[in-house]
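So the structure is just underneath, and the comments pick up after that.
Values reported hereafter were calculated over all heavy atoms of this structure, with side chains retained and with hydrogens, waters and symmetry mates removed. No experiment lies behind these values; they were computed from the predicted model shown. For reference, positions follow the sequence shown, starting with 1.
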Amino acid sequence: MIKDGLYEALINKVLNNRLEGLEKEQYHINAVKIDKAEASRVLSNYLIEVIHQGLNQISGDDAIEKKIELCNQIIFLLRDQLDDEDFENDLIETKGHIITAIFKKLDASFSSFANYLKEITPQSGLTQSELFTGSNVGISMESEIKKEILSADQICFLVSFIKWTGIRIFENELREFTNRGGMLKVITTSYMGATDLKAIKFLASLQNTQVKVSYNTKNERLHAKSYLFLRETGFHTGYIGSSNISRSALTNGLEWNIKLTTKEVPHIIDKFNKTFETYWQDGEFEFFNQNTDVEKLARALRKENSNLVPAQSTFFDIKPYHYQQEILEKLEAERKIHKRIRNLVVAATGTGKTVISAFDFKRYRQKYSRAKLLFVAHRKEILQQAQSTFQGVLRDPNFGELWVNGFEPTSYDCVFASIQTLVNRIELLNLSDTFYDFIIID
């Protein structure tokens with residue numbers, strides 16, 4: 001029975017018989033002629049399905065030999081029909097082996113070829129696509145990227161932001177890749193101030209590496225997350241999805257990324273490569289020079305951070321998302337039922353851990369008249385964003401004070417302080433060990 005809906009199927013004998021059996025008065029059937037420019041692709045894709053079904057029917061101890069023989073017969077048919085002897089070069093060797101690597105033995109930098117191949121060969125292979133969903137089940141994006149780096153000849157990263165925690169995952173692999181002559185090109189942006197300056201400085205310090213940055217975040221908000229690995233053997237691979245270069249995004253965050261290969265979707269890899277080169281040539285993306293552009297990028301990142309959450313004079317009712325509420329309820333249960341007051345919250349980047357902490361503190365302040373807060377983080381920008389978040393949740397534009405980079409609080413009751421400031425000044429504080437009621441470490 002034929003279902004109503006959209007199709008894009010080549011009409012074969014079976015389908016044609018089913019269509020002829022339909023009442024023309026009751027059905028609208030739309031069919032178009034094969035486009036001449038698309039004919040080879042459409043027909044070859046159809047033949048792939050038919051041949052795959054046919055080969056699956058061959059079984060027995062000598063099944064591989066029989067399948068190879070049938071494939072070679074098809075190649076002979078092409079040779080005879082097209083009168084082209086070159087097709088004989090496509091005949092499959094009857095041994096049925098797949099070559100996986102070729103390396104010169106002379107002056108090899110490794111002693112065991114078997115161990116080296118295991119280290120650099122992606123588990124998902126070089127010819128099949130794969131979906132990575134960020135769970136701990138199956139192959140991890142983290143391990144695959146490491147192997148892709150080690151086996152590539154040229155790499156192109158196009159990502160909206162780059163964190164040092166992400167770079168550290170494959171820091172050694174990038175060094176090894178660039179030291180042996182591999183070319184690395186990176187395009188990123190200062191958008192939202194999310195990129196770590198340390199990460200960009202590290203990339204720019206590598207051999208055979210070029211980094212380009214977009215500073216025009218008002219008009220050009222690059223949000224792509226993509227990784228292209230080019231090989232002189234022609235077995236190119238690419239990853240496109242939701243993962244920026246950060247630890248959570250590349251390890252256990254609930255990010256979705258799809259791996260594409262030249263052997264399966266060459267037109268996608270080709271478009272990937274050409275689009276990247278278009279961006280690379282665009283003046284919107286500026287070369288980053290670690291000798292001259294560090295302060296420029298630092299200023300841009302600071303500006304983006306300062307603009308991220310504007311000062312609020314009017315507040316709206318803010319409610320936690322369902323998953324944030326679930327975390328808050330678990331925290332409450334840990335404290336009430338299990339009497340555990342030291343709690344750790346682990347959540348993916350962008351899911352609002354600071355918002356959760358603000359609601360948690362709000363709930364505490366509603367219960368107790370005394371509620372002195374110490375919020376600790378390692379960067380001024382994070383502290384500023386956190387203070388603004390707390391002000392919004394608490395509906396108090398004057399809540400809290402910064403204690404970082406020259407900012408001095410007039411009162412220590414509710415302070416957003418940097419780790420460095422605390423390390424340098426904590427011995428001078430005239431505060432008891434129990435002064436703070438609520439301490440948050442980000």
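Formation of a donor-acceptor pair under 3.5 Å by the Ser151 side chain with backbone atoms of Thr121 is not found in this model. Listed for the Thr275 side chain is no donor-acceptor partner under 3.5 Å among the backbone atoms of Phe272. In this structure, Asn45 contributes its side chain and Arg41 its backbone to a donor-acceptor pair below 3.5 Å. In terms of modelled atom types and a separation under 3.5 Å, the side chain of Glu144 and the main chain of Pro122 share no donor-acceptor contact. Without hydrogens or angle criteria, Glu148 side chain to Thr237 main chain gives no donor-acceptor distance under 3.5 Å. The backbone N or O of Thr421 sits less than 3.5 Å from a side-chain atom of Ser418, completing a donor-acceptor pair. Distance alone, capped at 3.5 Å, places no donor-acceptor pair between the Ser388 side chain and the Gln384 backbone. Looking at Asn208, its side chain does come within 3.5 Å of a backbone N or O of Thr178 through a donor-acceptor pair. Proximity of a side-chain donor or acceptor of Asn424 to a complementary backbone N or O of Gln420 within less than 3.5 Å is detected. Panel note: side chain Glu401, backbone Ser411; a donor-acceptor pair is recorded below 3.5 Å.
Salt bridge Asp360/Arg363: present, at least one basic N to carboxylate O contact under 4.0 Å.
In this structure, Lys212 is not positioned above the aromatic face of Tyr279 in the sense of NZ or CZ being under 6.0 Å from the six-membered ring centre and within 45° of the axis.
Shown here for Ser246 and Lys163, the closest heavy-atom pair between the two residues is CB-CG, 3.6 Å. The two residues Leu373 and Tyr436 make their nearest non-hydrogen contact at O-CE2, 3.3 Å. Val159 approaches Leu222 most closely through the heavy-atom pair O-CD2, 3.9 Å. Here the shortest heavy-atom pairing between Thr188 and Ser160 reads OG1-O, 3.4 Å. Of all the heavy atoms in Glu88 and Arg79, the pair that sits closest is OE2-NH1, 2.6 Å. Residues Asn244 and Ala249 come closest through the heavy atom pair O-CB, 3.4 Å.
Side chains of Asn216 and Glu284: a donor-acceptor N/O pair is present below 3.5 angstrom, by distance only. Under the 3.5 Å distance criterion, with hydrogens and angles disregarded, a donor-acceptor pair is assigned to the side chains of Ser124 and Lys259.
Looking only at side-chain heavy atoms (C-beta outward), Ile269 and Thr261 stay at 4.5 Å or farther from each other. Counting only heavy atoms from C-beta outward, the side chains of Leu402 and Pro409 never approach each other to under 4.5 Å. A 4.5 Å side-chain heavy-atom check between Arg425 and Trp403 finds at least one atom pair inside the cut-off.
Between Phe287 and Trp280, the gap from one ring centroid to the other is short of 6.0 Å. With ring centers used as reference points, Tyr239 lies under 6.0 Å from Phe132. Here the two rings, on Phe202 and Trp164, have centers that are under 6.0 Å apart.
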Arg379 vs Asp196, test: salt bridge (Lys or Arg N to Asp or Glu O under 4.0 Å). Steps then yes/no.
CA-CA 11 Å; Arg379 286 173 54 197; Asp196 285 342; 3.2 Å; yes
Kindly determine whether Leu260 and Ile240 satisfy side-chain contact (heavy atoms from CB on, under 4.5 Å), including the steps that lead there.
CA-CA 8 Å; Leu260 308 170; Ile240 302 174; 4.0 Å; yes
Could you walk me through whether Lys372 and Asp437 pass the salt bridge (Lys or Arg N to Asp or Glu O under 4.0 Å) test, one step at a time?
CA-CA 5 Å; Lys372 294 185 178 181; Asp437 308 294; over 6 Å; no
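The aromatic rings of Phe399 and Phe416 sit perpendicular, their planes meeting at an angle over 60°, well past the 30° parallel limit. Using cut-offs of 30° and 60° for the angle between ring planes, the Phe103 and Phe113 rings count as tilted.
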